[in-house]
Trainee: 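Below is a structure I'd like to ask you about.
Remember, it's a predicted structure, so these values are computed and weren't measured experimentally.
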Amino acid sequence: MKLTLPPSTRQVVDAYFNLRIGPFTFPCPYFQNVAGKGGGLVFVGKGTPEQIEKETLKVFKKNKKDPKNYSPSVIRHYMVMAGLGIDCSGFVVRVLEVFFTERALGSLTKKLRPVSLSPLSLARHYLRPFSNLSANSLTSEVNCRKITDYNSVLPGDLLRIDPGHIAIVTEVEKEGASVKAISYTHSTSDY
């Protein structure tokens with residue numbers, strides 16, 4: 001038996017892997033806001049596919065360039081230089097946001113708890129919930145539980161790939177009660 005993400009959630013994943021800029025379709029570039037640059041969510045690695053597409057076209061228009069005159073790799077380079085893309089936690093949050101809605105679990109950002117209770121952390125958490133989420137905050141003990149039985153893994157579960165990176169399970173193949181394979185996806189600089 002194969003378990004998968006629900007349809008609307010899968011569409012969000014597909015939208016990040018199939019951005020439409022001009023006549024081209026290609027994966028959204030990875031962008032991590034390491035410099036602490038301010039701006040809207042689309043400029044800090046937390047935007048939706050639609051926001052990223054729209055802002056990319058604005059960048060080209062502002063520079064009097066037409067994306068159809070460039071290859072997807074050049075367009076992606078322009079996007080990264082402009083600070084447009086998605087980081088791993090932004091990708092996971094955007095996917096989980098739709099997953100929670102589709103499964104009638106309520107608002108993801110309202111369910112997440114701040115990792116630190118310092119006044120500054122609390123203010124950031126409540127005033128800018130998306131831009132202050134990280135792999136660490138999403139997988140902290142206050143926001144999730146550790147899976148100790150591999151056979152209980154389900155689509156929508158999170159995977160820590162290394163100390164600063166996160167992925168989301170998209171498919172689980174089971175034989176009876178045993179998990180035989182899992183598939184996952186993430187935003188990475190590797191594509």
Trainee: Taking the six-membered ring for Trp, are F91 and F17 parallel (under 30°), tilted (30 to 60°) or perpendicular (over 60°)?
Mentor: perpendicular

Trainee: Taking the side chain as every heavy atom from C-beta outward, state whether Y78 and T56 have any atom pair closer than 4.5 Å.
Mentor: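 The answer is no; the side chains never approach within 4.5 Å.
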
Trainee: With side chains defined as the heavy atoms from C-beta onward, is the minimum distance between V169 and L158 less than 4.5 Å?
Mentor: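 V169 does not reach L158 side chain to side chain.
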
Trainee: Measure from the side-chain N and O atoms of R76 to the backbone N and O of P27, and report whether any donor-acceptor pair falls under 3.5 Å.
Mentor: yes

Trainee: Before you tell me yes or no, could you show the steps for I161 and H186 under side chain to side chain contact (heavy atoms under 4.5 Å, CB included), namely the whole-Å CA-CA distance, both residues' side-chain angles and the distance that decides it to 0.1 Å?
Mentor: CA-CA 10 Å; I161 294 177; H186 57 125; 4.1 Å; yes

Trainee: D157 versus Y184: any side-chain heavy-atom pair under 4.5 Å?
Mentor: no

Trainee: Distance check, rounded to the nearest 0.5 Å: L108 atom CG versus F100 atom CZ?
Mentor: 5.0 Å

Trainee: Rounded to the nearest 0.5 Å, what separates atom OG1 in T9 from atom CG in D14?
Mentor: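 The distance works out to 11.0 Å.
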
Trainee: Keeping the roles fixed (side chain from Q51, backbone from V42), state whether a donor-acceptor pair exists under 3.5 Å.
Mentor: no

Trainee: How long is the gap from SG on C28 to CD1 on I21, to the nearest 0.5 Å?
Mentor: 8.5 Å

Trainee: When you compare the side chain of K180 with that of K174, does any pair of heavy atoms fall below 4.5 Å?
Mentor: no

Trainee: Kindly work out whether a path of hydrophobic side-chain contacts (I/L/V/M/F/W/Y, heavy atoms less than 4.5 Å apart) joins I168 to L154.
Mentor: no

Trainee: Rounded to the nearest 0.5 Å, what's the gap from CG on L159 to OG1 on T139? Could you check?
Mentor: 10.5 Å

Trainee: Is any side-chain heavy atom of Y70 closer than 4.5 Å to a side-chain heavy atom of F24?
Mentor: no

Trainee: Which distance, rounded to the nearest 0.5 Å, do you find between the CG of N63 and the NZ of K58?
Mentor: 14.0 Å

Trainee: Check L57 against G22 and note the closest heavy-atom contact, atom names and distance.
Mentor: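 For L57 versus G22, the nearest heavy atoms are CD2-N, 4.3 Å.
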
Trainee: Which heavy atom of E171 sits nearest a heavy atom of T4, and at what distance?
Mentor: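 Taking E171 first and T4 second, the nearest heavy atoms are CG-CG2, 3.6 Å.
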
Trainee: To check you understand the geometry: which heavy-atom pair defines the closest contact between I182 and V153, and what is its length?
Mentor: CG2-CG1, 4.1 Å

Trainee: Kindly compute the distance separating CD1 (I86) from CZ (F31), expressed to the nearest 0.5 Å.
Mentor: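 If I round to the nearest 0.5 Å, the distance is 11.0 Å.
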
Trainee: Answer whether the closest heavy-atom distance between the side chains of L105 and F99 falls below 4.5 Å.
Mentor: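 Yes. Closest side-chain heavy atoms under 4.5 Å.
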
Trainee: Taking atom types as modelled, is there a side-chain donor on K46 or S89 under 3.5 Å from an acceptor on the other?
Mentor: yes

Trainee: Testing the basics here: between S152 and I147, what is the closest heavy-atom pair and its distance to 0.1 Å?
Mentor: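 Taking S152 first and I147 second, the nearest heavy atoms are OG-CG2, 3.4 Å.
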
